[in-house]
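Read the structure below first, then the notes.
So you know, we letter chains A, B, ... as the sequences are listed, proteins then strands, and number each from 1.
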Amino acid sequence: MPRNFDFAEAEARIYANWEASGYFQPEAAGEAAEPFVVSMPPPNVTGSLHIGHALFTALEDLMIRYERMRGKAALWLPGTDHAGIATQLQVEKQLRDEGTSREAVGYEEFLARTWQYKEEQGGTITRQLRRLGASCDWSRERFTLDDGLSTAVRQAFITLWEQGLIYRGPRLVNWSPGLQTAVSDLEVEMSEEEVTLYTFRYPLENGETLPVATTRPETILGDTALAVHPDDRRYQHLIGRQALVPILERRIPIIADDYVDRDFGSGALKVTPAHDFNDYELAQKHGLALINVLDKDASMNSQAGPYAGLDRYACRERLWRDMQAAGLTVKTEPYLTRIPRSQRGGEVVEPMMSEQWYVRIQPLAEKALAAVRAGQIKIVPQRFEKVYFHWLENIQDWCISRQLWWGHRIPAWYREKDGDPHGEIYVGWDAPRGDGWAMERDVLDTWFSSGLWPFSTLGWPRQTADLARFYPTQVMETGHDILFFWVARMIMMGLWFTDKPPFHTVYLHGLVRAEGGQKFSKTLGNAIDPLTVVDQRGADPLRFSLITSGTPGNDCNLDPTRLDHSFRFVNKVWQMTSFINMNLAGELKLGAPPRAELDLPSRWILSRAQRLIANAQYLFDIHQYGEAGGQILAFMWDEFAPFYLEISKHALYHGTEAQQEATRRVLVAVHDACLRLLHPFMPFVTEEAWRYIPHAGAALIVAEWPSAEAALIDDEAEAQMQLILELVREIRNARGEYKVDPSRRITALAKPSEAMLALAENTQILSRLCNVSHLSLLPADAGDPTNCASIVTGELSVFLPLEGLLDLEAECQRLRGERGKLKAQLERTQKMLDNENFVARAQPAVVQRERDRLRDQQAAMTQIAERLAALCH
RNA sequence: GGGCGAUUAGCUCAAUUGGCAGAGCAUCCGGUUUACACCUGGAAGGUUGUAAGUUCGAGUCUUACAUCGCCCA
């Protein structure tokens, strides 16, 4: 077995073997196996791996490998998303670099270019996922724009249309001037910024003026009313009168509505229905006119009169100057407000009137609410259910059309009627018969196709064998940041089209950030690039760090030193394997030997291993994977390796054949269980290590997940070993305090006692763990030996003859220190047990634990007191 | 304005039904003893944001407050 784990070589080889052996395919588990299906959140097809991808891959692969080992037909279905806006932007950038543009090359050519770009870039992300060890079924890989999924999208659209749940109409939308498309509410981020609040006098028809404030003076040109509060005494007389739009002098009504905040500014509000969502609602209510003053690129249109053609911000300045000249301005002041910005690109989005397609979402939302309320779908962590409910209860119709070229084209055709080019609309699979029909140019929001993902990837709307067997899926694992974008929409669409919840559990992970909560970014230089880590350290350390660094639903600041630690853990696993491997001899019977053949350390470690397995199972059941990983590491690194492996050397090197055999079997049994538990976290090193210990089965990836054996739980052995190991620590401490060279072997003396029996039979433990070569039992009637350091833990008490090293005064001081510590502990325990309420009301097991503790502490106290009396004054 | 989360060792994070607050890194003092220096023995470091409450017992449950972050309007 190689001295070190050559992860670079092994990872590539092992992954190829797994894939070639068909383990990634659910069929490997057999026809009868219960399915366990996870749909991979499809990364952008042209994307490149970042830490977020690495996190979801680590978590989903962990779940899939765990269930695969439990015998399920595990299917992790991978795929990529065409990512409308993101991809189109990249191709447009390419074209710009070539000195041309989307418009210049035209629709057909642009699409061809984008497909070409997809073909070139498309494999990147999936190749990178493989490097992380993702055990997904690549034979089932899908792409949101492939034929099957396009059919699903069209089916879904047509169905909703026929059910009257899709409509087209003029609405106020969030318009992205740079991208020249509508975006949905979710794609707009409100950013708190300091801007200028402009206050001016709105001229009224009667010559009066009314002070009004706005942060967007250019929208004055689109005002169609002034509004005041109906109960506002100051303005009663103005209600129903007219005002004059500054500069344009257009007449607009003064209306009353209790929406107006009397305490803001002057208490009067300008109303621009075509460029403000609240004003739009006011306009609907009061039947006000809508005047759009912006073009699609956010320059002013002809409605802006003398300002037509100016950019929105240039217009803002010019108009304000003109109003100043007209004596209408009052003041400008800094003002903190929320600016709507495009999630992609960050430009300021303008509310604008336009014709868009919408899904009437209410009926779908109701089903989605009911499914989670009824517990058909569980969200982990549960607190996100409240967020989910709140969003769905207040959901707005979903704007699904995008003025992009790259995407699922809306299957609608128009024909002119009565001068309206959109007078007739036809929705269907193919162009309608007859002349004059033109197909809709808009495409669908990317999330429309993503919403169908759990079932479209399995063949829907065709009733395929996969759909029958693997739908509904089980777990949806994804980031909490796309709960609304994606998860809620999948639930709505899944319930609507298949009448089944698309999954029974939603597991939400948090965002991974850098130290101090900063976002990872290339410009800040704080990015942890997953591929660099994999190149330098292998995939296992990255996966282990990501899984054990955080808890479900919580964001986490990833500490790079954790990667170092995980890397060392991989080495630790390898070295432990190496030790066991080099101490094997010939055929070995698998499994733990019968209890009668086991020594104390073996009974102890087998018992501890069962507790680990049971704990890990519990933690997996409640999705606490990080804690489970931590416990496996702690068991291996802090118990199995430093204690059992060390102690086992005695039996291996000096024991009888039978003792050697039994020890080997225990080593292998415990290590085997650890490797199995660890496999979902660190698939590569565990798979490779497993080959070097005796095992049954072709590969660890399909080995059975361990279950705790109650028969191996041994409370007595655990208690005895706990005492002995405590004694070991004490002896090590004493050696340290007396500066005894660690390599120097010393002897120990002990007075016989019941507790000493177990130790006397296991002196190899002291020999191996604290270099005590020999333990002599003193005659029962002998007094305390002189010139010795005394070590006391519970009922165990030993003496270390340290001739030449022992300083009486120092020893007394040490003993007094021990006594002081012990006294404090003893008092605490005594106080608890003196409390009648505690004894009466606490759980009996807790009380018993304290009683046992008291007994041990009292025993130790007695010994120390005796020793002090004998040695010191 | 409403909701959610966080606040624990210098830093990054844990802590299963309430039961002696733990890791990693960093710090200090030791050691290359035949699996591992990608190792190892030990030490130090905490009034768990503040103030009340419930309880025999609170990091954990309740209330209020503070600071930071996120979501929704």
Side-chain angles (χ1 to χ4, degrees), chain A residues 1 3-5 185-186 189-190 277-278 338 381 383-391 393-394 480-481 483-484 510-511 513-517 537 541 545 548-551 553-583 614-615 618-619 621-622 624 626-631 633-634 637-638 641-642 645-646 648-649 653 728-729 731-737 739-745 767-771 824-825 828-829 831-843 845-847 849-850 853:
Chain A
M1 170 173 185
R3 199 173 170 77
N4 283 299
F5 176 53
D185 299 345
L186 284 177
E189 285 173 354
M190 302 306 279
F277 285 96
N278 292 318
R338 295 164 61 85
R383 63 185 147 88
F384 283 101
E385 287 182 4
K386 209 168 164 181
V387 183
Y388 171 90
F389 290 145
H390 183 258
W391 187 69
E393 281 161 1
N394 298 284
H480 66 68
D481 54 326
L483 179 61
F484 305 144
L511 274 43
R513 281 192 299 243
E515 207 171 328
R537 302 290 183 74
S545 296
T548 56
S549 282
T551 42
N554 289 326
D555 296 350
C556 117
N557 302 338
L558 186 65
D559 183 348
T561 66
R562 274 196 178 259
L563 289 169
D564 302 337
H565 187 243
S566 301
F567 177 71
R568 291 194 289 118
F569 182 42
V570 169
N571 175 62
K572 191 75 191 177
V573 171
W574 188 257
Q575 298 304 336
M576 291 168 74
T577 312
S578 172
F579 169 78
I580 294 168
N581 173 269
M582 69 176 55
N583 284 295
N615 262 340
Y618 171 75
L619 292 165
D621 288 346
I622 58 168
Q624 296 283 349
E627 180 64 12
Q631 290 198 12
L633 176 143
W637 212 330
D638 301 334
L645 259 57
E646 272 318 308
S648 76
K649 288 173 184 171
Y653 303 158
V728 164
R729 269 184 284 270
I731 294 176
R732 283 171 172 174
N733 272 337
R735 293 184 63 128
E737 281 179 50
K739 308 231 185 304
V740 180
D741 188 324
S743 62
R744 178 169 160 190
R745 287 177 79 70
S767 167
R768 285 284 159 187
L769 298 184
C770 46
N771 220 1
Q825 290 170 7
R828 182 199 155 273
T829 316
K831 197 177 149 199
M832 275 183 94
L833 288 167
D834 284 347
N835 183 339
E836 284 171 27
N837 277 321
F838 172 71
V839 177
R841 300 192 195 193
Q843 297 161 37
V846 174
V847 177
R849 201 162 59 225
E850 292 303 322
R853 184 172 291 145

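Taking each heavy atom of A:His480 and A:Leu511 in turn, the nearest pair found is NE2-CD1, 4.1 Å. Closest of all the heavy-atom pairs between A:Arg562 and A:Thr548 is NH1-O, 3.6 Å.
For the pair A:Lys386 and B:C4, the criterion of a side-chain N or O lying under 4.0 Å from OP1 or OP2 is met. Between B:A43 and A:Asn733, a contact under 4.0 Å exists linking OP1 or OP2 to a side-chain N or O. Between B:A14 and A:Thr551, a contact under 4.0 Å exists linking OP1 or OP2 to a side-chain N or O. For the OP1/OP2 pair of B:C38 and a distance below 4.0 Å, the side-chain nitrogens and oxygens of A:Asn4 include no atom meeting the criterion. Taking 4.0 angstrom as the limit, A:Arg732 places a side-chain polar atom (N or O) nearer than this to OP1 or OP2 of B:G42.
Heavy-atom distances to RNA chain B give each of A:Arg383 and A:Ala842 a nearest nucleotide, and the one nearer the 5′ end belongs to A:Arg383.
Between A:Gln631 atom CD and B:G22 atom C1' the separation is 11 Å, expressed in whole Å. When rounded to the nearest whole Å, the span between CZ of A:Phe569 and P of B:C36 equals 18 Å. In this structure, CG of A:Asn557 is placed 12 Å from P of B:U7, rounded to the nearest angstrom. Atom-to-atom, CG of A:Asn394 to P of B:G2 comes out at 15 Å; the value is rounded to the nearest Å. The distance between atom CG of A:Leu633 and atom P of B:G24, rounded to the nearest whole Å, is 9 Å. As rounded to whole Å, 19 Å separates atom P of B:C4 from atom OH of A:Tyr388. As rounded to whole Å, 11 Å separates atom C1' of B:U55 from atom CG of A:Asn835.
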So which protein N/O to nucleotides 29-35 of chain B N/O distances come out below 3.5 Å?
{"from": "B:A35", "atom 1": "OP1", "to": "A:Lys649", "atom 2": "NZ", "distance (Å)": "3.0"}
{"from": "B:A35", "atom 1": "OP2", "to": "A:Tyr653", "atom 2": "OH", "distance (Å)": "3.3"}
{"from": "B:A35", "atom 1": "O2'", "to": "A:Gln575", "atom 2": "OE1", "distance (Å)": "2.6"}
{"from": "B:A35", "atom 1": "N6", "to": "A:Ala641", "atom 2": "O", "distance (Å)": "3.3"}
{"from": "B:A35", "atom 1": "N6", "to": "A:Glu646", "atom 2": "OE2", "distance (Å)": "3.4"}
{"from": "B:A35", "atom 1": "N3", "to": "A:Gln575", "atom 2": "O", "distance (Å)": "3.3"}

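Relative ring orientation between A:Trp637 and A:Phe569 is described as parallel, the plane-to-plane angle staying below 30° on a 0-90° scale split at 30° and 60°.
Using a 4.0 Å cut-off between charged nitrogen and carboxylate oxygen, A:Asp741 and A:Arg735 do not count as a salt-bridge pair. Salt-bridge annotation for A:Glu850 and A:Arg828: present, with a side-chain N of the basic residue lying under 4.0 Å from a carboxylate O of the acidic one.
For RNA chain B, the stems formed by at least three consecutive Watson-Crick or G-U pairs, with both atom-pair distances below 3.5 Å, span B:1-7 with B:66-72, B:10-13 with B:22-25, B:27-31 with B:39-43, B:49-53 with B:61-65.
When distances run from any side-chain atom of A:Phe567 to the nucleotides B:G5, B:C20, B:C38, the shortest one goes to B:C38. Considering only side-chain atoms of A:Trp637, the nucleotide from B:C71, B:C39, B:C11 that sits closest is B:C39.
The base of B:G57 does not come close enough to the side chain of A:Asn837 for any donor and acceptor atom to sit less than 3.5 Å apart.
The backbone N or O of A:Thr577 lies less than 3.5 Å from no partner atom in the side chain of A:Asn581, so there is not a single donor-acceptor pair.
Around CD of A:Glu836, the count of heavy atoms belonging to other residues, nucleotides or ligands within 6.0 Å does not exceed 12.
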